[in-house]
Amino acid sequence: ELMVPFGSAAARKPLVELHLPASCRIVMIGRGENLIAPDPEGGTILLEGDILQVLASPADIETLQSRLMPAED
């Protein structure tokens, strides 16, 4: 599980814009009390505080974590 941190560059963007490795799968998104199944086409918009349940190799997890980091000023 990974959280989309507050100030993340990925917040308010669709999953497809993360350009994740093909072997990295976000299988569920926890948003407050709700669970969201991501759109298979990658159109699901990420929000700050979302909890991502991910199936991926350790290297892919590192890639995803780097893409979720807060935007630099």
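Predicted model, so just to flag it, every value in this text is computed and none were measured. We use all heavy atoms of the structure for the numbers below, so side chains are in, but hydrogens, waters and symmetry mates are not.
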Original post:
Can you tell me how far the CG atom of L2 sits from the CG atom of L68, to the nearest 0.5 Å?
Top reply: 6.5 Å
**OP:** Please report the closest heavy-atom contact between D60 and A56, naming both atoms and the distance.
**Re:** CB-CB, 3.6 Å
**OP:** Indicate yes or no for a side-chain donor-acceptor contact from E48 to the backbone of G7 under 3.5 Å, with no hydrogens or angles considered.
**Re:** yes
Original post:
Nearest 0.5 Å, what's the CG-CZ distance between L52 and R25?
Top reply: 15.0 Å
**OP:** Write down the atom of I45, the atom of P14, and the distance for their closest heavy-atom approach.
**Re:** CD1-N, 3.7 Å
Subject >> Cluster link V27 to V16, ILVMFWY, side chain under 4.5 Å >> reply: no
Subject >> Over all atoms of both residues, closest heavy-atom pair of K13 and E17 >> reply: CD-OE1, 3.7 Å
Subject >> T63 vs C24, side-chain contact (heavy atoms from CB on, under 4.5 Å): CA-CA, chis, key distance, verdict >> reply: CA-CA 9 Å; T63 298; C24 183; over 6 Å; no
Original post:
Do the non-hydrogen side-chain atoms of L47 and R31 ever get within less than 4.5 Å of each other?
Top reply: yes
Subject >> R67 side-chain N/O to L18 backbone N/O, donor-acceptor pair under 3.5 Å >> reply: yes
Original post:
Quick check: are there more than 12 heavy atoms from other residues, nucleotides or ligands sitting under 6.0 Å from CE of M28?
Top reply: yes
Original post:
Under a 4.5 Å cut-off applied to non-hydrogen side-chain atoms, are P70 and P5 in contact?
Top reply: yes
Subject >> Polar side chain donor-acceptor pair, T44 to D39, under 3.5 angstrom >> reply: no
Original post:
Would you call I29 and L46 a side-chain contact if the rule is heavy atoms closer than 4.5 Å?
Top reply: yes
Original post:
Does L20 reach the side chain of I26, with side-chain heavy atoms less than 4.5 Å apart?
Top reply: yes
**OP:** State whether the side chain of R12 and the backbone N or O of A9 hold a donor-acceptor pair below 3.5 Å, judged by distance alone.
**Re:** no
